[in-house]
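Counting from 1, the numbers follow the sequence of the chain as shown. Only a predicted model underlies this, so the values are computations on that prediction, with no experimental measurement involved. Whatever order the structure lists ligands and atoms in, that order sets their numbers, starting from 1.
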Amino acid sequence: MKTLIRGGTIVTATDRYVGDVFIDGETIHSVGTQLDVEADRVVDATDKLVIPGGIDVHTHLDMPFGGTYSVDDFQTGTIAAAFGGTTTIVDFAIQERGGTLRQAFDTWRQKADGKAVIDYGFHMILSEFQESLIEEMGPLAEEGVTSFKLFMAYPGVFYMDDAGIFRAMQRSKEIGATICMHAENGPVIDVLIEQALRAGHREPKYHALTRPPRAEAEATHRALCLAEMAEVPVYIVHLSAAEALAEVTRARNRGLEAFAETCPQYLFLSYDNYEEPGFEGAKYVMSPPLRAKEKQHELWRGLKFNDLQSISTDHCPFCFNEGKQLGRDDFSKIPNGAPGIETRMSLTYDGGVTAGRISVNRWVELTSTSPAKIFGLFPRKGTIAPGSDADVVVFDPNAEQVLRAKDLHMAVDYNPYEGRRVKGVAEVVLSRGEVIIEGGQFCGKPGRGQFLPRLTRTSS
Ligand code: URP
Ligand code: ZN
Ligand code: ZN
C-alpha cells in the first residue's frame, strides 16, 4: 500500500513547512514539496498539521494495584491512545515479589498479544532487590526492555531501599539501560499517613496532604545523587512538584545525565480538585499528587527550557464507581492513578501551543521525539523522515473538542477534565502506514500492534 499525505504543514522537533509525506508499506519513503508519486491512497492534509505519532512512555494497562486492576487493557487503552494521536506506548511490566523478570516479561507480552492496536514496548518494574536480578537484567535488555523502574515510595509493595537502588543502578550502567525513578520518600509518607488516619482524617484530600512536595524533592535529590555515584542516566517519572524540578535543574546544570517527565494532570489540574465536594477528590488520587496551581508555571518553564524533556500520561485508570470506592472510608486505600492516554496530545497542544507557552516544534519534541530518543526508539519512531516507521498523525489545529467521558474511548467512567474545551484534534492516524483512525472511527484490528525491542544506550 502506498499512501500520500498531501499539502499539510509537516512539523517535526526541528522543522515546519508545507509538504507531502509519501509512505510505502510500513515506512516513510520520502518527504518533500509537491512530490510526483503514484499512490494507492491520498490523504488531503491542507490546513492541517502532519506530525509524528505521539509517544507515551508511561502507561499502566491492565495493571494490578491496590486490590484491583487498571480498567483499560491493551485493546481499549491502545484504541483510546490512537484516537488521541498516540501511536506508540511504553508500558510497565511488573516483577512479582519472589518472581523473575522473565516471568513478568512473558506475562505482559501475553497481556498485549492479540489486543494492542499500536506498537508498544515495556519498562520493567523491579519490585524488590534480589541478587538474581543482576543476572536477569542483562538478557532482558538484550531483548529490548532497556529501562527499569524503581520505587522510593510504597513500602511493602514496590519500595526498594537505597542499597538495592544503587545496585540496580550500577547494573543498569553496565548493560546500557536507563533507570526510571518514582521519587517520593515512601517511609516518611507512611508516617504522615498513619498520623492522619489516627487523627481521624479519611477524605481524599489527605492523600495529597500526606505526600508533601518536599517528600518528592528529597527523593528526587537522593535519586540524582545515587545515579551520579553509579554513573548511570536517570529519568524521573511523573514529576509534579516545582521543588523536585529544581533538583533536576541543579543536577543537569552540574552535568548529570538527568531526565524528567511531567504529565498533563500536573499542568492542568491542581490541589483544588481534592477540595471538590463529597468523594469527588478520589478521581484525582494519584502519586505524586496534584500540586498548587500557583506552581504550575514552573513546570511550563521546565518544559520550555528543557529541564523537563517529556510529557507522558501515567495513564492508570480506575472507575470512580468501583475501584476508587475501595477507599471510600480511608484515603490510603484509594487506588492510585487516573486516565489520560487519549487526551494528552490535545490538552498539551491547546494548553501549550495555542496558549503560547511552547512552540509547535517543542510540542512535537516533548510528546514524541524526545521520549523516543531517551528510550531507544529513535529514529524508527519520533520523527517524520525517510526510513522511519510511518506513524503519522494529521492533526487539525483548529478543530475543537469538549472532553467528556461519554465521548472518549477509555474504559473508565469519569474524566478528570470533564467539560474542558480544547482546540486541536487528531483527525487521521496512521500506524506503520495503516490508517487506524479516520472520520472519528477506529478502523484497525486488535492485535496489529507489535512489540518494540528498544535500543540500549550503547547500541543507540
Ligand atoms: O498514581 C499513580 N502514579 N499510579 C500508577 C503507578 C505509578 O506509581 O506510576
Ligand atoms: Zn510511579
Ligand atoms: Zn506510573
Side-chain angles (χ1 to χ4, degrees), residues 56-72 77 81 89-95 104 108 120-127 147-160 165 178-186 189-190 193 204 206-208 210-211 215-216 219-220 223 234-241 244 259-267 269 271 273-274 281-291 310-320 323-324 326-327 331-341 344 371 375 410 412 414 416:
D56 186 348
V57 293
H58 191 148
T59 66
H60 300 280
L61 301 177
D62 199 6
M63 173 189 159
F65 192 96
T68 183
Y69 279 80
S70 62
V71 294
D72 271 314
I89 58 166
V90 185
D91 202 83
F92 289 86
I94 306 178
Q95 173 211 14
W108 258 260
Y120 55 92
F122 293 115
H123 312 278
M124 179 63 65
I125 290 176
L126 305 184
S127 299
S147 41
F148 297 91
K149 182 176 178 186
L150 310 178
F151 285 79
M152 301 170 107
Y154 305 130
V157 187
F158 295 130
Y159 171 80
M160 196 181 276
I165 288 172
T178 298
I179 290 292
C180 299
M181 187 63 81
H182 181 128
E184 287 186 295
N185 187 322
I189 286 169
D190 271 10
I193 291 173
Y206 285 96
H207 172 76
T210 54
R211 307 183 92 91
E216 186 184 344
T220 302
V234 64
Y235 177 91
I236 307 294
V237 295
H238 46 45
L239 186 147
S240 74
F259 305 100
E261 65 179 17
T262 191
C263 312
Q265 52 270 31
Y266 303 125
L267 299 167
L269 303 171
Y271 172 81
N273 292 98
Y274 295 116
K283 293 177 175 173
Y284 315 97
V285 165
M286 62 190 79
S287 297
L290 302 175
R291 306 297 187 186
S310 164
I311 303 176
S312 66
T313 61
D314 194 10
H315 177 77
C316 189
F318 300 100
C319 283
F320 182 67
K324 292 284 185 185
L326 289 169
F331 71 89
S332 72
K333 296 200 166 59
I334 301 170
N336 285 203
I341 203 166
R344 176 183 69 129
F375 287 109
M410 298 173 282
V412 61
Y414 77 96

* Asked: Relative to each other, are the rings of Y154 and F158 parallel, tilted or perpendicular (30° and 60° limits)?
  -> perpendicular
* To do: Name whichever N, O or S atom of D314 ends up nearest to the Zn ion (ligand 3).
  => OD1
* Structure fact -> Paired with S287, the side chain to side chain donor-acceptor pair (under 3.5 Å) test is passed by just one of H238, R211, E216, namely R211
* Atom indices of ligand 1, in the order listed, that fall short of 4.0 Å to a heavy atom of G337 -> 1 (O), 4 (N)
* To do: Decide whether R291 and S240 meet the rule of one side-chain donor and one side-chain acceptor closer than 3.5 Å.
  => yes
* Closer than 2.8 Å to the Zn ion (ligand 3), do we get an N, O or S atom from H58, backbone or side chain? -> yes
* Asked: Looking at atom 7 (C) of ligand 1, what's its closest protein heavy atom, distance included?
  -> K149 NZ, 3.5 Å
* Atoms of ligand 1, numbered as shown, that sit under 4.0 Å from any heavy atom of F151 -> 8 (O)
* **Distance from atom 1 (O) of ligand 1 to nearest protein heavy atom, with residue and atom** => S287 N, 2.8 Å
* **Atoms of ligand 1, numbered as shown, that sit under 4.0 Å from any heavy atom of H182** => 8 (O)
* To do: May I ask you to decide if the ring planes of Y414 and F320 are parallel, tilted or perpendicular, using 30° and 60° as cut-offs?
  => perpendicular
* Structure fact -> Looking only at protein heavy atoms, what sits closest to atom 4 (N) of ligand 1 is N336 O, 3.1 Å
* To do: Verify the distance criterion only: is there a donor paired with an acceptor across the side chains of H315 and D56 at less than 3.5 Å?
  => no
* Asked: Looking at atom 3 (N) of ligand 1, what's its closest protein heavy atom, distance included?
  -> D314 OD2, 2.6 Å
* To do: If the plane angle is over 60° it's perpendicular, under 30° parallel, otherwise tilted; pick one for F375 and Y235.
  => perpendicular
* S127 (side chain) donor-acceptor with Q95 (main chain) under 3.5 angstrom -> yes
* Side chains of E261 and D314: closer than 4.5 Å at any heavy-atom pair? -> no
* Specify whether an N/O/S atom of H60 falls short of 2.8 Å from the Zn ion (ligand 3). => yes
* To do: Could you tell me which non-hydrogen atom of Y274 sits nearest to which non-hydrogen atom of H207, and how far apart they are?
  => OH-CD2, 4.3 Å
* Hey, which atoms in ligand 1 end up nearer than 4.0 Å to a heavy atom of Y154? -> 8 (O)
* Structure fact -> closest protein heavy atom to atom 6 (C) of ligand 1 is H60 NE2, 3.6 Å
* Parallel, tilted or perpendicular: rings of H58 and H60 (30°, 60°) -> perpendicular
* Rounded to the nearest 10 degrees, what's the angle NZ of K149 makes with ND1 of H182 at the Zn ion (ligand 2)? Could you check? => 130°
* Going by the order shown, which atoms of ligand 1 are within less than 4.0 Å of some heavy atom of M286? -> 1 (O)
* Indicate if the distance from the Zn ion (ligand 2) to the nearest N, O or S atom of V237 falls below 2.8 Å. => no
